[in-house]
Amino acid sequence: MPETLTKPLAEPDEGPARFNKRRLVRWIAILTIGIIVVLAVWQEPLYARF
């Protein structure tokens, strides 16, 4: 019996690589964390302790 390669059934086919939900969620998380860090530094600058 010949072995055949099949796609795994765990994840559905994704659309074009240019836009997908996982990439969008990742960028939103990175931007949110970056904005929070900038706001935290503006509230309490790190150089104020020196």
J.: Evaluate side-chain contact (heavy atoms from CB on, under 4.5 Å) for N20 paired with L24, printing each intermediate quantity in order.
T.: CA-CA 6 Å; N20 61 22; L24 180 66; over 6 Å; no
J.: Same hydrophobic cluster for W42 and I36, using side-chain heavy-atom links shorter than 4.5 Å among ILVMFWY?
T.: no
J.: Linking I/L/V/M/F/W/Y whenever their side-chain heavy atoms sit closer than 4.5 Å, directly or via other members, would I35 and V38 fall into one cluster?
T.: yes
